[in-house]
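Structure record follows, encoded as structure tokens.
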Amino acid sequence: MAVENKRPLAKDALAFAQMRGEAADDVVAAVVDGQLKDWRDPIPEGASVRLVHLNDPEALQVLRHTAAHLLAQAALRLFPGTKLGTGPATQEGFYYDMAFETPLTQADLPALEAEMQHIVTERLPIDRREVSREEALELFAQQPFKCEIISGLPEGARITVYTQGGFTDLCAGPHVQHTGQVGALRLLSLAGAYWRGKAGNPMLTRVYGTAFADETALARHLEMTEEAKRRDHRVLGRELKLFTFVDEAPGMPIFLPNGMALRNTLESFWREEHRLAGYQEIRTPMMMNRSLWERSGHWDHYKDNMYFTDVEGVPYAVKPMNCPGAILAYQSESHSYRDLPLRYAELGLVHRFELSGTLHGLLRVRAFTQDDAHLFVTPDQMEAELARVLELVDHIYRVFGFPYRVELSTRPQDAMGSEELWERAEAALKQVLEERAVPYTLNPGEGAFYGPKIDFHIQDALGRFWQCGTVQLDFQMPEKFAIEYIGEDNQPHRPIVIHRAIFGSIERFIAILTEQYVGAFPLWLAPVQVKVLPIASAHEAYARHVAQYFVEHGLRAVADLRDGKIGQKIRQAELEKVPYMAVVGNKELDSQSVAVRKRGVGDVGPQPYRAFTEELLDEIRRQRQRREAK
RNA sequence: GCCGAUGUAGCUCAACCGGCAGAGCACUGGUUUUGUAAACCAGGGGUUGUGGGUUCGAGUCCCACCGUCGGCUCCA
């Protein structure tokens with residue numbers, strides 16, 4: 001039943017539009033003093049107002065929120081007895097979490113979508129009403145999840161319900177004027193989701209969909225989703241033979257020669273940058289006696305994510321982190337304050353047990369290599385050293401051209417150590433960020449168990465953010481292991497440890513690189529940099545000679561000596577996304593040259609192969625040292 | 001781990017209501033000697049993820065386990 005407003009609202013956005021002599025039909029919300037408001041909200045005297053029309057960007061979230069209500073309404077029409085959870089709009093569309101009496105399957109989606117379309121054509125007006133808590137509880141007596149939400153609302157909270165046709169939902173809004181304004185919608189997928197996102201709660205069925213003002217915009221969005229699939233690093237990883245996964249080692253990638261070439265390039269670049277930044281490389285054991293992990297606190301705080309084994313009755317743990325090993329390295333000799341800051345870098349392969357459902361290609365694995373480092377510093381050096389780390393992170397990310405986002409994560413629930421030390425550590429990280437004017441967001445309660453951290457999230461080509469770099473302050477490990485240095489006063493002092501990683505995990509970084517470049521890696525990273533393609537078997541020896549010359553001069557080159565036509569060899573090299581092809585036939589043989597073909601461009605003309613080599617080497621140098629002019 | 005889906009040749013995918021497991025690409029052999037995105041002919045390749053069950057008969061139906069995919073939770 002439609003609900004009438006007993007008292008007409010003061011002046012709402014529609015009235016406002018009419019007052020200004022504008023069309024009000026397609027007004028779906030208003031931005032009042034910078035905040036998105038329901039069009040039904042009264043507009044206070046003197047506020048700054050911008051009307052949001054159906055085709056404005058802000059309208060999308062309003063329209064999608066309404067689409068979620070359409071979904072709930074359709075579900076109740078088709079499956080009475082369905083219990084409703086919540087149904088918000090998202091970046092990409094909307095979803096609604098519901099508990100169905102019989103499990104919903106993919107096959108039910110078309111009928112559900114058709115019912116939604118039907119409601120759109122009904123053009124049902126959407127009315128809002130404010131209700132008391134008692135009234136709300138009565139209204140949703142059949143909806144236990146809604147009752148839970150209502151009961152959880154703070155005293156005196158404004159409770160609103162929206163009604164369209166016979167369907168009423170508890171909702172804070174905003175919503176469009178009538179269901180006909182949801183111009184184009186599509187149900188996409190089904191998933192399970194814990195009620196209120198808590199693992200102990202019942203699992204609801206989440207139906208995902210998306211909605212737009214019109215079909216054209218929807219079609220464009222679906223096309224972009226298709227495009228996104230082409231960039232998936234798992235697909236590209238197989239096509240380009242970078243890595244593979246086997247059932248025998250879930251979540252543990254096998255790096256194939258191409259992936260290994262890419263990886264080695266990243267690692268040698270990383271080693272060089274760290275050498276210049278004053279780091280020394282170490283390597284620590286893959287597994288160590290369990291007692292070490294008991295001492296470090298990992299046993300208490302990280303046991304569920306670790307792998308264990310027994311050798312001759314001695315319990316061992318496979319390392320999930322590199323820090324204890326680095327501490328042992330530090331302890332191998334006594335240190336003076338003159339040694340500090342001491343920077344131990346380690347490309348450390350760690351194993352972490354992750355729940356099976358969370359694995360995702362190279363982005364989420366159970367075995368990965370952290371480009372780790374542990375910096376041992378005096379309290380005085382802490383801030384300068386943190387600043388140096390931020391600079392190195394920035395420097396390395398610039399080479400890849402990634403924009404990144406910074407988050408400061410603070411004390412978690414199961415934190416180790418005193419509150420006072422935590423506060424000091426958090427203050428130090430905050431200060432360094434603020435001094436350098438790095439924009440960051442606060443992530444309360446998300447720190448590591450031994451200290452707060454600054455995380456670097458890199459956006460992939462599809463706009464998703466992944467945590468890569470991390471800088472963590474640790475006052476705990478030095479205490480646990482009682483490490484020290486001799487100060488100027490000839491007395492022992494406790495150093496502070498800074499843990500940090502820049503790629504984060506080489507595996508994850510490679511996944512992001514792959515998606516970023518759609519597999520077409522820049523020359524310096526490409527697994528095969530140049531492929532020599534002989535026209536006919538008569539040019540085989542020359543092709544081999546040229547390829548060998550490339551290899552001897554530091555290029556990753558191969559010759560395609562198969563019996564086949566040049567067109568076929570080119571096609572294959574293009575599909576393999578090899579940056580350069582060097583075609584050799586009679587002309588090239590006579591002039592000691594190669595006919596250069598550039599990936600994605602085509603034939604760019606002949607060149608003496610020696611000069612071509614120099615050009616490639618130069619291009620590689622430039623790419624590897626790319627700096628943004630400051 | 002949880003919810004749902006799914007698993008056929010190295011890859012992408014066929015195989016009706018339960019009735020002889022197939023194609024393209026890739027691979028191997030041969031023919032061909034080729035000039036900028038796919039030459040031609042032939043051949044090999046499978047205990048249909050694993051283990052049970054139903055049935056005269058299972059890729060197909062049922063159960064369990066494993067992997068994968070989409071999410072949730074978690075995280076580099």
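Naming convention: chains lettered A, B, ... in sequence-line order (proteins, then strands); numbering from 1 in each chain. Just so we're clear, the structure is a prediction, and the values are computed from it rather than from any experiment. Scope of the values below: all heavy atoms of this structure, side chains included, with no hydrogens, waters or symmetry mates.
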**Prompt:** Has A:Phe368 got its ring stacked on B:rA76, by the test of a centre gap below 5.5 Å and a plane angle below 30°?
**Reply:**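 Aromatic stack with B:rA76 present for A:Phe368.
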**Message:** For A:Phe449 and A:Tyr302, take the angle between the two ring planes, folded into 0 to 90°, and tell me which bin it lands in: parallel under 30, tilted 30 to 60, perpendicular over 60.
**Reply:**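 A:Phe449 and A:Tyr302: tilted rings.
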Categorize [X] for me: base, sugar-phosphate, or nothing, with a 4.0 angstrom heavy-atom threshold over every strand shown.
X        : result
A:Lys587 : base
A:Asn305 : nothing
A:Val350 : nothing
A:Gln467 : sugar-phosphate
A:Gly564 : base
A:Gly585 : base
A:Gly602 : nothing

**Prompt:** Starting at CZ of A:Arg196 and ending at C1' of B:rC72, how long is that distance when rounded to a whole Å?
**Reply:**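 That distance rounds to 16 Å.
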**Whole angstrom value for the distance that separates P of B:rC2 from CE of A:Met203** =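 Interatomic distance, CE of A:Met203 to P of B:rC2: 9 Å.
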**Message:** Testing A:Asn264, A:Asn258, A:Thr265 one by one against A:Arg556 for a side-chain hydrogen bond (donor to acceptor under 3.5 Å, both in side chains), which residue passes?
**Reply:**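 Considering A:Asn264, A:Asn258, A:Thr265, a side-chain hydrogen bond (donor to acceptor under 3.5 Å, both in side chains) with A:Arg556 is found only for A:Thr265.
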**Asked** How would RNA chain B look in dot-bracket form, 5' to 3', counting Watson-Crick and G-U wobble pairs with both distances under 3.5 Å and writing | for bases paired to another strand?
**Response** (((((((..((((.....[..)))).(((((.......))))).....(((((..]....))))))))))))....
**Lys NZ or Arg CZ of A:Arg544 over A:Tyr549 ring: under 6.0 Å, within 45°** =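 Not satisfied by the 6.0 Å and 45° rule.
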